[in-house]
Amino acid sequence: MKEIPDTKIFKFQRVILNWYKENGRHFKWRNPSASNYQKIIVEVLLQRTKAETIANFFSDFLKLYPSWKKLSTASEKDIQSVLRPIGLYNQKGSRLYKMAQEMRCKNGRFPKSREEVEKIPMMGQYIANAYELFILNKPAPLLDVNMARVLERYFGPRKLVDIRYDPYLKKLSMDVVNHKFPKKINWAILDLGAMVCKKKNPNCQICPLKENCLYFNDNILE
DNA sequence: TTCCCGTGGC
DNA sequence: GCCACAGGAA
């Protein structure tokens, strides 16, 4: 596997942060005043669901369930029916229910390490990374289909089918977000992936990264 | 690998 | 109408 030079990573970080400053999206759960509870449960809501869909729904959800304590007193069925408008509601409902029950046992406190978090039911690799990034303030990649697509188009494709187990993507995404402002880098990549570097009809013409992007440069030669 | 699922962009 | 979407478990 060919090693990606640091200079290419640095340039990617510089350009995408600059783009993010002017074009980034604003969501409530990105606000510094959002509670740890909000930062974690929103990741469940967001699974396989467009961020804009959750943006329209988030306030309603918080009114009903503003805290782990409140959520842990709700029944699984109630949570599921509240989640109906966003899709995948049976699954997300039971996930949140199980997480809330677990958090009730822990008196609402998260464990200190990433390994412990990953043992909590319904918290997989992605949420463990989000936990490191948002709660522990450590660099960690929000490696989803969005980020995978952006990184693969720019730096080159992965080997494995499954994003989550691909060692190349795991290392690359970690290297890219390992920066003074890891949260901004993560959000910048997700936003670019949703707004410009879309799966279908990517708008390469307005993309700030096209100059050094493998996908763009391969396509204009044809 | 497959399933979960309603919504919104096209 | 079709397809894609801040994943995780079985």
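Throughout, a chain's letter reflects where its sequence line sits, starting with A, and its residues are numbered from 1. Everything numeric here is computed off the predicted structure, so don't read it as measured data.
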Connected-component partners of A/Y165 among ILVMFWY, side-chain separation under 4.5 Å:
A/L160
Detail all sub-3.5 Å separations between protein N/O atoms and N/O atoms belonging to nucleotides 2-4 of chain B.
from  : atom 1 : to    : atom 2 : distance (Å)
B/dC4 : O2     : A/Q91 : OE1    : 2.8
B/dC4 : O2     : A/Q91 : NE2    : 2.6

Closer to the 5' end of DNA chain C via nearest nucleotide, is it A/M123 or A/D191?
A/D191
Touch check for A/I127, heavy atoms < 4.0 angstrom, all strands: base, sugar-phosphate only, or nothing?
sugar-phosphate
Answer yes or no: does atom NZ of A/K77 have more than 12 heavy-atom neighbours from other residues, nucleotides or ligands under 6.0 Å?
no
First locate atom CZ of A/F10, then atom CZ of A/R14, and finally report the distance between them rounded to the nearest 0.5 Å.
10.0 Å
Quick check for you: name the first and last nucleotides of DNA chain C, 5' to 3', having an atom under 4.0 Å from a heavy atom of chain A.
C/dC3 to C/dA9
Test item: A/E132 side-chain N/O and A/R114 main-chain N/O as donor-acceptor pair under 3.5 Å
no
Between the protein and nucleotides 8-10 of chain B, are there any N/O to N/O pairs under 3.5 Å, and if so, what are the atom names and distances?
none

Send over the distance from A/F57 CZ to B/dT7 P, rounded to a whole Å.
11 Å
Any side-chain heavy-atom pair of A/K138 and A/L133 under 4.5 Å
no
Filter on side-chain hydrogen bond (donor to acceptor under 3.5 Å, both in side chains), then keep only pairs touching residues 185-196 of chain A, sequence neighbours left out; what's left?
A/R25-A/D191, A/R30-A/D191
B/dT1 versus C/dA6 - spacing of their P atoms, nearest Å
23 Å
Can you name the residues that form a salt bridge (charged side-chain N to carboxylate O under 4.0 Å, His left out) with A/K171, not counting sequence neighbours?
A/E3, A/D175
What does A/E52 touch in the nucleic acid at a heavy-atom separation under 4.0 angstrom: a base, only the sugar-phosphate, or nothing?
nothing
side-chain hydrogen bond (donor to acceptor under 3.5 Å, both in side chains): which pairs involve residues 204-216 of chain A, sequence neighbours left out?
none
Do any pairs count as a ring pair (Phe, Tyr, Trp, His ring centres under 6.0 Å) and have a residue in residues 141-160 of chain A, sequence neighbours left out, and if so which ones?
A/F12-A/Y154, A/F12-A/F155
When you compare the side chains of A/R95 and A/Q91, does any donor N or O come within less than 3.5 Å of an acceptor on the partner?
yes
A/R149: which residues meet the side-chain contact (heavy atoms from CB on, under 4.5 Å) condition with it, sequence neighbours left out?
A/N146, A/R153, A/K199
Report the residues that fulfil side-chain contact (heavy atoms from CB on, under 4.5 Å) with A/A148, sequence neighbours left out, ordered by chain and then residue number.
A/L143, A/E152, A/R158, A/I163, A/L169
Specify the residue among A/I120 and A/L46 whose closest nucleotide of DNA chain C lies further upstream toward the 5′ end.
A/L46
Sugar-phosphate only, base, or nothing, as touched by A/R149 at under 4.0 Å among non-hydrogen atoms
sugar-phosphate
P spacing across the pair C/dG8 / B/dT7, given as an integer number of angstrom
23 Å
Between residues 32-45 of chain A and DNA chain C, which residues have a heavy-atom gap below 4.0 Å?
A/E43
What residues, two or more places apart in sequence or in another chain, satisfy salt bridge (charged side-chain N to carboxylate O under 4.0 Å, His left out) together with A/D162?
A/R164
